[in-house]
There are 2 protein chains.
Amino acid sequence: MTPTPQAPAPQANLELIELVAATMTAYYRDFADAAAREGLTPAQAKALASLRTPMSMRALADRLLCDASNVTGIIDRLESRDLVRRQPDEKDRRVKNVVATESGSQTMRRIRAQMTTTQAALDTLTEEERATLNTLLAKLRPAMECRLP
Amino acid sequence: MTPTPQAPAPQANLELIELVAATMTAYYRDFADAAAREGLTPAQAKALASLRTPMSMRALADRLLCDASNVTGIIDRLESRDLVRRQPDEKDRRVKNVVATESGSQTMRRIRAQMTTTQAALDTLTEEERATLNTLLAKLRPAMECRLP
DNA sequence: CCCACTTGCTTGACAGCCTCAAGCTTCTAC
DNA sequence: GTAGAAGCTTGAGGCTGTCAAGCAAGTGGG
């Protein structure tokens, strides 16, 4: 497959891609720092963040795009701190549903609140600019999340 | 500096932050997948990507925001594959400058070229939209990268 | 019913990432 | 010089990630 008929000059995207990379790196650092302040690793915080709603181990592994055995370890460590609980599923006794405890939810709220760099950066934009960015990212999202082989 | 006089309702940013998070996650996955196709871990690819220009171990550790001892291991593994070389510095004999080999540079170019999901996603935007996104991210960048304690 | 098969979760082995503390060599400044 | 700082490496130890193997529990065909 050749590139789209009138593909944008690849050159045109280079700077943009670099900007996306830089933004994402900064965002990740902000997230990791906030998690660390609560004594969580990025992977633990990511798992906890996914548990706004309860979820089986399997579903969590799919969401985090990693092996189920990896999730076992992460949830073990969260559970040993009472941030999360494993509940047997009623219908299928193989399944364990993971639920955030009240303490886990509070921790997650604190982490979100402590991502001050991202917040502050977004606040340097005008309201209109934020709206535009929102629109653009929303348009970008589906294609970004589409999963190739 | 306090936030702008009429700071945006925090509510206004919630969706935007979630979009940034989603975009960042997708971008990182694209990067990690492309690196994996070349047999590199994300950390190795990140280091290699930083070596467009040669750099001391110390400088690399600062750039990657991690401990110098960590960089030793990463560079060890890259060097054992001839993607990178340590060169003694002429002026300061404590320093080792890390240089990407030709093979290393080629590998990095292939990784960048294989980040097809990100490329394809950006191509769903019109030329004008890409320009706007570029402007917005460029404006966002300095505040995103500013390092708080 | 029973068998084979699949699915959900856990365990163990092993590699890589990451940090800290300790150590070596080489500057740098007094 | 000599003390201290700076650059790099090593070793210990925890976390993340993958794979292979195993157990328990659901599923479907004969």
Side-chain angles (χ1 to χ4, degrees), chain A residues 25 28-29 31-51 54-81 83-99 107 111, chain B residues 25 28-29 31-51 54-81 83-99:
Chain A
T25 300
Y28 181 77
R29 222 170 54 207
F31 176 72
D33 285 354
R37 259 173 253 133
E38 294 291 330
L40 295 185
T41 64
Q44 288 163 1
K46 226 155 147 184
L48 193 50
S50 300
L51 290 173
M55 200 177 278
S56 72
M57 297 291 284
R58 175 71 255 156
L60 198 46
D62 288 342
R63 199 169 203 297
L64 302 177
L65 289 171
C66 71
D67 195 274
S69 67
N70 193 8
V71 176
T72 297
I74 293 172
I75 295 300
D76 279 353
R77 286 178 278 273
L78 287 177
E79 193 169 28
S80 76
R81 293 216 225 160
L83 298 174
V84 122
R85 231 183 1 250
R86 281 169 166 99
Q87 279 181 347
D89 187 278
E90 313 237 315
K91 318 249 181 182
D92 187 336
R93 286 184 308 172
R94 292 170 301 178
V95 173
K96 287 172 189 168
N97 290 305
V98 190
V99 188
T107 300
I111 291 179
Chain B
T25 300
Y28 180 77
R29 221 171 56 209
F31 177 71
D33 285 354
R37 261 173 252 134
E38 294 291 330
L40 295 185
T41 64
Q44 288 164 1
K46 226 155 146 183
L48 193 50
S50 300
L51 290 173
M55 200 177 277
S56 71
M57 297 290 285
R58 177 71 255 155
L60 198 47
D62 288 343
R63 198 170 203 298
L64 301 178
L65 290 171
C66 71
D67 196 274
S69 66
N70 193 10
V71 176
T72 297
I74 294 173
I75 295 301
D76 280 352
R77 285 178 280 271
L78 287 177
E79 194 169 28
S80 75
R81 293 215 225 162
L83 299 174
V84 122
R85 231 182 1 250
R86 281 169 167 100
Q87 279 182 346
D89 187 278
E90 312 237 315
K91 319 251 181 180
D92 188 336
R93 288 183 308 174
R94 291 170 301 179
V95 173
K96 287 173 189 168
N97 291 306
V98 191
V99 188

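Per chain, numbering begins at 1; letters A, B, ... match sequence-line order.
With distances taken from any side-chain atom of A/Thr72 to the nucleotides D/dA6, C/dG16, C/dT10, the minimum falls on C/dT10. Picking from D/dG17, C/dT19, C/dT26 the nucleotide with the shortest atom distance to the side chain of B/Asp67 gives C/dT19. Residue A/Asp92 has its side chain nearest to D/dA25 when only D/dC8, D/dG17, D/dA25 are considered. When each of C/dT10, C/dT25, D/dT10 is scored by its nearest atom to the side-chain atoms of B/Arg94, the top-ranked nucleotide is C/dT25. For B/Cys66, taking side-chain heavy atoms from C-beta onward, the closest of the listed nucleotides C/dT19, C/dT11, C/dG8 is C/dT19. Distance from the side chain of B/Arg77 is smallest to C/dC17 among D/dG7, C/dC17, D/dT18. Closest to the B/Ala43 side chain, of the nucleotides C/dC18, D/dT9, D/dA5, is C/dC18. Distance from the side chain of A/Ser69 is smallest to D/dA20 among D/dC15, C/dC17, D/dA20. Among C/dT10, C/dT7, D/dT16, the nucleotide with an atom closest to any side-chain atom of A/Asn70 is D/dT16.
Counting atom types as modelled, B/Ser56 pairs no side-chain N or O with a base atom of D/dC8 as donor and acceptor under 3.5 Å. Side-chain atoms of A/Arg93 and base atoms of D/dA25 include no donor and acceptor less than 3.5 Å apart.
Going from atom CG of A/Asp89 over to atom C1' of D/dA24 covers 15 Å, rounded to whole Å. When rounded to the nearest whole Å, the span between OH of B/Tyr28 and C1' of C/dC17 equals 10 Å. What separates NZ of B/Lys96 from C1' of C/dT26 is a distance of 12 Å, to the nearest Å. Here D/dC8 presents its P atom at 10 Å from CG of B/Asp62, a figure rounded to the nearest Å. The nearest whole Å value for the distance from the CZ atom in A/Arg29 to the P atom in C/dC18 is 14 Å. Distance CG (A/Asp76) to P (C/dG12): 12 Å, rounded to an integer number of Å. A straight line from CG of B/Leu65 to C1' of C/dC17 spans 15 Å, rounded to a whole angstrom. We find that CG of B/Asp33 is positioned 14 Å from C1' of D/dG17, with the value rounded to whole Å.
Using a 4.0 Å heavy-atom cutoff across all strands shown, B/Lys91 reaches sugar-phosphate atoms only and no base atom.
Under 4.0 angstrom from either OP1 or OP2 of D/dG17 there lies no side-chain N or O belonging to B/Thr41.
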Item to check | Test salt bridge (Lys or Arg N to Asp or Glu O under 4.0 Å) applied to A/Asp33 and A/Arg29, step by step | outcome: CA-CA 6 Å; A/Asp33 285 354; A/Arg29 222 170 54 207; 5.2 Å; no
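The two residues B/Pro42 and B/Tyr28 come nearest to each other via the heavy atoms CB-OH, 3.4 Å.
Remark: A/Leu83 CG to A/Leu78 CG distance equals 6.0 Å, nearest 0.5 Å.
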